[in-house]
Amino acid sequence: MAETTTPPSNKLERVETSSKKRTLGHVQLRDHETNEIILIPTPSSDPNDPLNWSQPYKHYIAAVICIAMMMCNFLAAGPSIAIVKTTMDFFPGVNPGRTPALFGAAIAQVSYFFTTAALMQGVGNFIWVPIANKYGRRPTYIFSYLIYTISAVWLCFEKSFNGFLAARIIMGFGAGAAETIAPITIADVFFLHERGTVMALYTSFLAVGASLGVIISGLITINHHWRVIYQVASPLIGAVLLLAFFTFPETAYIRDTPSAPTTKPSSPRLTLSTDDVERATPENATAATTTDNSTSSRPSSPATASAKKSYLSTLRVFSTKPLTTEPLHKLVLRPLGLICLPPVLWAALVQSVTIGFLVAISSNIDLAFHNTYGFESWQVGLCFVAAIIGSFIGIPAGGHLADIIADWYTTRNGGVRDPEMRLPTMIPSLVAMPLSLILYGVGIEKGLHWIVPTIGVGLLSFSIVQGTNVCLVYVIDAYRPVAGEITLAVMGFKSLFGFLLSFYTNTWVEQSGYIGAFGTMAGISGAVIFMALPLFLWGKRIRQATWGWRVISYIHWSDDREVGE
């Protein structure tokens, strides 16, 4: 290979299998002599191991995940563009022109359709994620999307306000599961060095789903009743349910602890079985390394001799046994402890100020563009094309670029990877995020050309995909065995923040003006993203120190959650 490496001076990396100390993302990712990639986690010889699936099949799994992500927010957020028509339908007699006071009170009640659904997308995962960790990803996808599909069909016919609100709340409960368990699935299927790009696709389709839902919903309302939005979305959601049932297998795989360490097989791509990586003195090198390809380099278990499962056997909804012996109540409570860890709290804050401020714009944009530019709902919806463009630009900026930068730091570090090596990639979002909010606020208040706030929406979507992907992959790499609980802690915090913003954005704008409100948001977002710098410099020390906190010790994971990272 053309790449070179700087080996650690007078030290070798070895694997310590005699104890269960946590690596917290500190792993040997490149061989210190050949600079070849080491496969983390170590794949078994079992053909049913998701790490051994073919690359085309892995990419298909990623595609299904992205489609599921897109549809999660398609119906949850899309119909909000028709909130005025929805209000006039549920409250006959109110009109924004003739009865502005009554209309304001009515639209505040209708907004519960969307705010409660968004809240339930986050809160519901306190049930879905423990189920996914205990009983598998496949049953969680299927049952959550079944609830999503049934409630979507219900919404096509429900005429009463209370019934419609109940259906939207249940819909949010079902729709949010895929958003949080998708990162776990990606970590199940892809190696450490592959996750950045796939996770960028995940975050982009999550953002695209909301934008595409708004665009299509706006276009539907030009010549059709707003209920047609639900009639169009329901079969699409049902199609995803069928796709998940017939083509999406269980991705969770129980890995055994290796009995002997291996750091240098002769194959071009290197494997490392690891529970912990620590520095070893030269005299320990002989015991720490091996150069043969013996069977001891792989975990030995009955699973390694298994035959490949038939297609019909992959259709089973539940696995034969639970994935972990940890009790459900511990799986439920763990995210509440994990949010106390500084890296996790920072990732949650990044998610909150990016996605949360998009919620602030979404809850305001219809009124703002109507008052400033005289736009109809469908015209406002088309402005979200900029959001889709920004999201797709954010894919390579938050995925492949982050992988390249992290790999560059890994090579300089003698092949040892630390999660913080991704954090320099936050620089584009540090610029784009505050700028997006300034363009939106100044553009609306000063009555600048409509393209100015629209560019702001595009830059905001870019930051959501780019910045949130980097920070989410960072904390998943650091705490991989509990990736589900980590994602839940981050997404749950984000949902609560977005729920509050959806209520107070318009009041905030009325009191401070667009420049004052969105200028403050710009300052807050810049300060939060800037915290990547101290984490880059001292994040490893912070992770190691905070892992020993007494409050954190109560939510340490069991050995059977280890995945070889």
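Along the sequence shown, the residues carry numbers beginning at 1. Note that the structure is predicted; figures quoted are calculated from it, not measured.
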Inter-residue atom distance Leu201.CG - Leu206.CG, 0.5 Å rounding
12.5 Å
Which residues pass the ring-ring contact (aromatic ring centres under 6.0 Å, His included) test with Tyr141, not counting sequence neighbours?
Phe248
Do Thr487 and Val129 touch side chain to side chain, with heavy atoms closer than 4.5 Å?
no
Pairs flagged by ring pair (Phe, Tyr, Trp, His ring centres under 6.0 Å) wherever residues 405-436 is involved - sequence neighbours left out:
Tyr409-Phe536
Would you say the side chain of Pro428 lies within less than 4.5 Å of the side chain of Phe462, judging by non-hydrogen atoms?
yes
Nearest-0.5 Å distance, CG of residue Leu488 to CD1 of residue Ile181
11.5 Å
Go through the structure and list residues passing side chain to side chain donor-acceptor pair (under 3.5 Å) with Ser463, not counting sequence neighbours.
none
Is any side-chain heavy atom of Phe384 closer than 4.5 Å to a side-chain heavy atom of Ile365?
yes
Shortest non-hydrogen contact from Ser391 to Ser461?
OG-CB, 3.6 Å
Do Asn73 and Glu179 pair up side chain to side chain, a donor and an acceptor below 3.5 Å, judged on atom types alone?
no
Short question: side chain of Lys58, backbone of Leu51 - any donor-acceptor pair under 3.5 Å?
yes
Considering only residues two or more places apart or on different chains, which pairs with a residue in residues 112-138 satisfy salt bridge (charged side-chain N to carboxylate O under 4.0 Å, His left out)?
Arg137-Asp188
Apply side chain to side chain donor-acceptor pair (under 3.5 Å) to Thr546 and list each qualifying residue two or more places apart in sequence or on a separate chain.
none
Determine, stepwise, if the pair Ile464 / Met433 fulfils side chain to side chain contact (heavy atoms under 4.5 Å, CB included).
CA-CA 8 Å; Ile464 289 174; Met433 184 65 202; 5.8 Å; no
A quick test of your reading: do over 12 heavy atoms of other residues, nucleotides or ligands sit less than 6.0 Å from CZ of Phe245?
yes
Side chain of Arg168, backbone of Ala76: donor and acceptor closer than 3.5 Å?
yes
Could I get the full list of salt bridge (Lys or Arg N to Asp or Glu O under 4.0 Å) partners for Arg422, not counting sequence neighbours?
Asp403, Asp477
Within a strict 4.5 Å, meaning less than it, do heavy atoms of the His59 and Phe190 side chains meet?
yes
Here the pair of heavy atoms bringing Phe493 nearest to Ser352 is CD2-OG, 3.2 Å
Is a side-chain donor or acceptor of Ser151 paired with a backbone partner of Tyr148 at a separation under 3.5 angstrom?
yes
Can Ile393 and Ile389 be said to form a side chain to side chain contact (heavy atoms under 4.5 Å, CB included), step by step?
CA-CA 6 Å; Ile393 295 174; Ile389 295 173; 4.0 Å; yes
Are the side chain of Asn125 and the backbone of Gly176 linked by a donor-acceptor contact shorter than 3.5 Å?
yes
Side chain to side chain contact (heavy atoms under 4.5 Å, CB included) between Met426 and Val350, worked out:
CA-CA 10 Å; Met426 292 295 294; Val350 172; 4.3 Å; yes
Just how far is it from atom OG of Ser525 to atom CG of Leu435, taken to the nearest 0.5 Å?
10.0 Å
Aromatic contact, Trp128 with Phe173 (centres under 6.0 Å)
yes
For the backbone of Val214 and the side chain of Ser217, can you confirm whether one donor and one acceptor N or O come within less than 3.5 Å of each other?
no
Are any non-hydrogen side-chain atoms of Ile237 and Phe74 less than 4.5 angstrom apart?
no
With sequence neighbours left out, write down each residue that passes side chain to side chain donor-acceptor pair (under 3.5 Å) with Glu420, or none if nothing qualifies.
Tyr474, Arg543
4.5 Å side-chain heavy-atom contact, Val465 and Thr468:
no
Value for CD (Gln466) from OG1 (Thr203), rounded to nearest 0.5 Å, stands at 9.5 Å
Quick check: closest heavy atoms across Trp547 and His556, and the distance to 0.1 Å?
O-NE2, 2.9 Å
Please report the closest heavy-atom contact between Ala522 and Ile438, naming both atoms and the distance.
CB-CG1, 3.8 Å
ring-ring contact (aromatic ring centres under 6.0 Å, His included) partners for Trp346, two or more places apart:
none
Closer than 3.5 angstrom, by distance alone: can the side chain of Thr180 be matched with the main-chain N or O of Ala177 as a donor-acceptor pair?
no
Would you name the heavy atoms of Pro130 and Ile127 that are closest together and state the gap between them?
CD-O, 3.3 Å
Quick check: closest heavy atoms across Cys340 and Ile552, and the distance to 0.1 Å?
CB-CD1, 4.2 Å
One should read off an interatomic distance between Trp557 CH2 and Ile555 CD1, to the nearest 0.5 angstrom, of 8.0 Å
What pairs with Asn469 under side chain to side chain donor-acceptor pair (under 3.5 Å), at least two apart in sequence or on another chain?
none
With sequence neighbours left out, the residues meeting salt bridge (Lys or Arg N to Asp or Glu O under 4.0 Å) with Glu250 are none
Phe113: which residues meet the ring-ring contact (aromatic ring centres under 6.0 Å, His included) condition with it, sequence neighbours left out?
Phe90, Phe161, Phe164
Do Leu323 and Asn133 touch side chain to side chain, with heavy atoms closer than 4.5 Å?
no
After noting the C-alpha distance and the side-chain angles of Tyr253 and Ser44, does the key distance pass the side chain to side chain contact (heavy atoms under 4.5 Å, CB included) rule?
CA-CA 10 Å; Tyr253 185 82; Ser44 69; 3.3 Å; yes
Among Leu331, Leu336, Val490, find the one that has a side chain to side chain contact (heavy atoms under 4.5 Å, CB included) with Glu485.
Leu331
Which pairs with one or both residues in residues 506-533 pass ring pair (Phe, Tyr, Trp, His ring centres under 6.0 Å), sequence neighbours excluded?
Tyr440-Phe518
Look up atom CD1 in Ile184 and atom CZ in Arg480, then write down how far apart they are to the nearest 0.5 Å.
8.5 Å
Any non-hydrogen side-chain atom of Asp407 less than 4.5 Å from a side-chain atom of Arg417?
yes
